[in-house]
Structures are given as C-alpha cells and as structure tokens.
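Each chain gets a letter, A, B and so on, in the order its sequence line appears, and its residues count up from 1.
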Number of protein chains: 2
Amino acid sequence: MGAERQDATDEYGMPIIPAPGDAAARKRQAIIDAALAEFLAEGYSAASMDVITNRSGVSKATIYKHFGSKERLFLAVVSGVLPKTYADLTPPARALADAPDVRTALVRHTTELARILLRPEIMLLRRLVIGEIDRFPQLGQLWYLVTYDMNNGPLVEMLTDLTAKGELHVPDPKLAVQQLVACTVGIPQLVHTFAPATPVDDSELASTIGSGVDLFLARYGRPPGWHGPA
Amino acid sequence: MGAERQDATDEYGMPIIPAPGDAAARKRQAIIDAALAEFLAEGYSAASMDVITNRSGVSKATIYKHFGSKERLFLAVVSGVLPKTYADLTPPARALADAPDVRTALVRHTTELARILLRPEIMLLRRLVIGEIDRFPQLGQLWYLVTYDMNNGPLVEMLTDLTAKGELHVPDPKLAVQQLVACTVGIPQLVHTFAPATPVDDSELASTIGSGVDLFLARYGRPPGWHGPA
DNA sequence: GTCTATACGGAGATAGAC
DNA sequence: GTCTATCTCCGTATAGAC
C-alpha cells in the first residue's frame, strides 16, 4: 500500500540503497511530492493528511515532525514550486541580444513566458494560490516577488535601456511592462483560468501574442521610417 | 443566536408578519444570504453547513430540503450573485452616445467596469470561483457567459460599428476588446488578485486606465490630424 | 415544511514504544 | 527519527415527530 519502505528496486530490478545520512531528506522529499499532488488535486481544505501520509510512504507522525502542521506543510510545498516555475525562462536581456530586432525579441520572450505559465500544472497551482490568498496572504506576496524578480523587473530594465538608446519611447517602463504582459500572455491566461480544459492552440497563441506586441509597439515603438539615430 | 424565528420587529418596533405564502421563500433567502457569507469567508470546502444553519436561523434539515446538498447550495448561491455583479454596468452603446468622443467613452466605460470588478466583495467572489473551478467547471462557463453578455459582447458590437463608420480601424474586434480590457481593468485587477489588502488609489487607477486607452487608440484609433470623413 | 436528534465517517494532531 | 495506535472533534446528511 504505502510505498517503497524496503526492497525498493530501480528500473533494472536492482535494490535502491539510500545513502544513510540522506534518509531523512529523502523522506522529506517524498512528503513534499505527495503533498503537492494532493493539494493540487483537492485544494487546501479538502486535502487529506491521511492521503498524503499513504502516498508518501511515511507515517503521519513523521510528517508532523518535519512540518508541524498542515498549514506549514502547504506553505513549504507551494513556495518551493513557485521559483522553479520561472527557472526555465530565458532572461529578457539575453533574448534581446540574440534577436535581430526589438519586435522579434518581445515576441520570443512573451511566447516563452506564455508557454511556461500556460502549462496545466502551473495554471492549477495559480488557481490554488488565488483561491487560498485570503487564508495565506504570504503566498500572494511570494507570487508577486518571484514574478517581479524573474520577469517584470528585467523587462523594466530592458525597456529603460532601449528608451535611453532611442529605440523605444517608454515614459513609464513599469506600467508599460504590465501592459505588455497583459496584452500578450494575459489574454490566453485569463481564458485558461476560467476554462481549464481548453487546449492551447499554437497558431492562435502566436497570433494573439503577435497582435499584442504590435499593439505595444504602436504606442511605444519608434515611428515607421525611422532607421536609427540621426 | 439563530435569527428572527418569531417576535421579529422592524425598525419601529412593529412586529413583522410575513405573508403566509412567502414563509418558504423568505427562509430560502435567509439560507442564501448566510451561505454566501460563509462561502466567501471560508471557501467551499472549509465552509460549514452547521455555521450556515445557525446564521440563517433555520434548521439543517430545511436547508437540505431546499437545496439537496452542499454542492448544489454552493452553485445556487454563487450563480445567483454573478449576474447581479454586472447589473450596475451602463451598456457601452449608451456610454458612447453620451460621450463627446471615443476616447472619453472608452475611459468612462473601463473606469466604471473597474469600479465594479475591484469591489472587495467581487474580488473575493472571483478568487473563490477561480479556486473552485476544477471542482465546479460550470462556474467558469457561467462567469465567461455573464462577462461576455454584459461587457465583451456589447463592446465588440461597438468597435465593429465604429470601424464601419471609419472612426476606428479594428480588424479583429473580439481580440481588440480582450486587449482593451486587459490593458485597463486587467492591470489593477491582477494586482488585487494577489494582494487583496491593497486599497484602490483613485488617481492611480485613473492614470492606469487613461494610459491603457491611449495604448489601445495608438493602434486602433484614427491617425492624428484626422477630423472626420473626407 | 420544519424541527430535533442522531448516524456515520473522516478530519488534524499526538502519546509512547522502539 | 520513525512507527503504530488512538484521541477528540467536526463534517455532511438523514430519520422520524409534529
């Protein structure tokens, strides 16, 4: 029932012998994995510590030794996943350096961002966090901080630099980044927030994002016919 | 404790005698009110039917006679509130007729929309619905339908008309409406989704919305210097 | 239709042996 | 550190009297 408490074997049938000192750490990870699955599936309140206990293969007492309470377990699990969410994202400055022009860089970056944020597991996590914001305000703060560090902040810097170079005209970079994200990723994200079952249509996503970037550049881009500093 | 089961009096101390046939309807309403408060405060799973029972002043058996189950009660309560949310919204066509120009009309409309959607109770309801979407997919559909009927649909019509008249150039009105909403209301809405305690700053809201509408018009508006059909 | 009283299961958390 | 066994409370839902 529980899990591999002993006689665990790998894919070749060889017994897995955990390094002695890692036993506690491995159990801790097993708890986190089981808890994440249960919380994502049931939400915080409906999630059962009994289910997490059985799935993780450790005893309930061990879970409470490690995490103290259901609330603390929830916070530990969710806050661990959040930063990993954005780890795959290429820093905007690099995307800009690798692209032939600003529009291409913006399209590539927002597309990559959308691919990450629209992953079903991330959308699930996002809905979970939003639904529990009133119970766990720390999660809202964490979500904001991670988003800002990994995406908005770097984009603000990039827009500021491009404005200094004369390639864009962005008077309020912080607001502009919010607008850019809202007009591109924000649109499919909103749809999938309320209709999780909707599949992601690649060509539709590309055209939505392209249109959003064009909207952004119509306001903040250099005028047409402009080809560099005079 | 319970509520006004008998000897209930109005503000002048006069006894309130419910019309005989309305007794059931009045209890039904008391249940709905108590349930909404409890669901908004605790979320679906953590909400207690015992608490709803006590606050509504009727017995638990009566609640189950009326609604059958906790799930059905939840759906009845939430779906009843949703349409009322948008009832205060002026139809976009009227806002346009009453405004001196398109920009003013768009600013007024999105501002009014923001005022409604940013009300703390509505934000609370929205977080609740999002958090329970996987358990109650019907609510996502309902939310989408109400939003579309009361806001997006009429706006699409309006943009289509304005394009026909030559006052705007909107090739894809459905997408444009999503962009307009995302660039204006969507920005403070996102902030308040993750940071509910943040108060609404009127001047900041106005400047955000103004900037969003300008962004929209930079792409879809008539070119500057243009003063009516030739 | 409405009430009181209760059935029945599962929740989170812990005591104490090892 | 980890387990087994258990405590205590509260959950939804219903039976039966009025």
[X], nearest nucleotide to its side chain (from [options]):
X	options	value
K65(A)	dT14(D), dT2(D), dG12(C)	dT2(D)
S69(B)	dT2(C), dA13(D), dT12(D)	dA13(D)
D50(A)	dT12(D), dA11(C), dC3(D)	dA11(C)
S48(B)	dT4(D), dG11(D), dG12(C)	dG11(D)
T62(B)	dA13(D), dT2(C), dT4(D)	dT2(C)
A61(B)	dT14(C), dT14(D), dT12(D)	dT14(D)

Distance check needed: [N] [atom2] versus [X] [atom1], whole Å only.
X	N	atom1	atom2	result
M49(A)	dT14(C)	CE	C1'	13 Å
I63(B)	dG11(D)	CD1	P	13 Å
K60(A)	dT4(D)	NZ	C1'	12 Å
R26(A)	dG1(D)	CZ	P	15 Å
F67(A)	dG1(D)	CZ	P	12 Å
N54(A)	dG10(C)	CG	C1'	13 Å
R28(A)	dG1(D)	CZ	C1'	14 Å
I52(A)	dA11(C)	CD1	P	10 Å

- prompt: Would you say the side chains of N54(A) and S56(A) form a donor-acceptor pair under 3.5 Å?
  reply: no
query: Quick one: do the T90(A) and E112(A) side chains pair a donor with an acceptor below 3.5 Å?
result: yes
message: On DNA chain C, compare the nucleotides closest to S59(B) and G68(A); which residue's is nearer the 5' end?
response: S59(B)
- request: May I ask you to establish whether K70(B) and Y44(B) are in a cation-pi arrangement, using a distance under 6.0 Å from NZ or CZ to the six-membered ring centre and at most 45° from the ring axis?
  value: yes
message: Under 4.0 Å, counting only non-hydrogen atoms across every strand here, what does A47(B) touch: a base, just sugar-phosphate, or nothing?
response: sugar-phosphate
- prompt: Starting at the 5' end of DNA chain D and moving along, which residue's nearest nucleotide shows up first, V51(B) or H66(A)?
  reply: H66(A)
Can a donor-acceptor pair be found, under 3.5 Å and without considering hydrogens, that links the side chain of [X] to the backbone of [Y]?
X	Y	result
K174(A)	G153(A)	no
S211(B)	S207(B)	no
H192(B)	T198(B)	yes

- line: Expected list for residues 34-45 of chain A near DNA chain D, using heavy atoms below 4.0 Å, is none
- prompt: What's the spacing between D134(B) CG and L40(A) CG if we round to 0.5 Å?
  reply: 9.5 Å
- request: Using only side-chain N and O atoms of Y64(B), determine if any of them is under 4.0 Å from OP1 or OP2 of dT14(D).
  value: no
- request: Verify the neighbour count for atom CD of E157(B): are there more than 12 heavy atoms of other residues, nucleotides or ligands below 6.0 Å?
  value: no
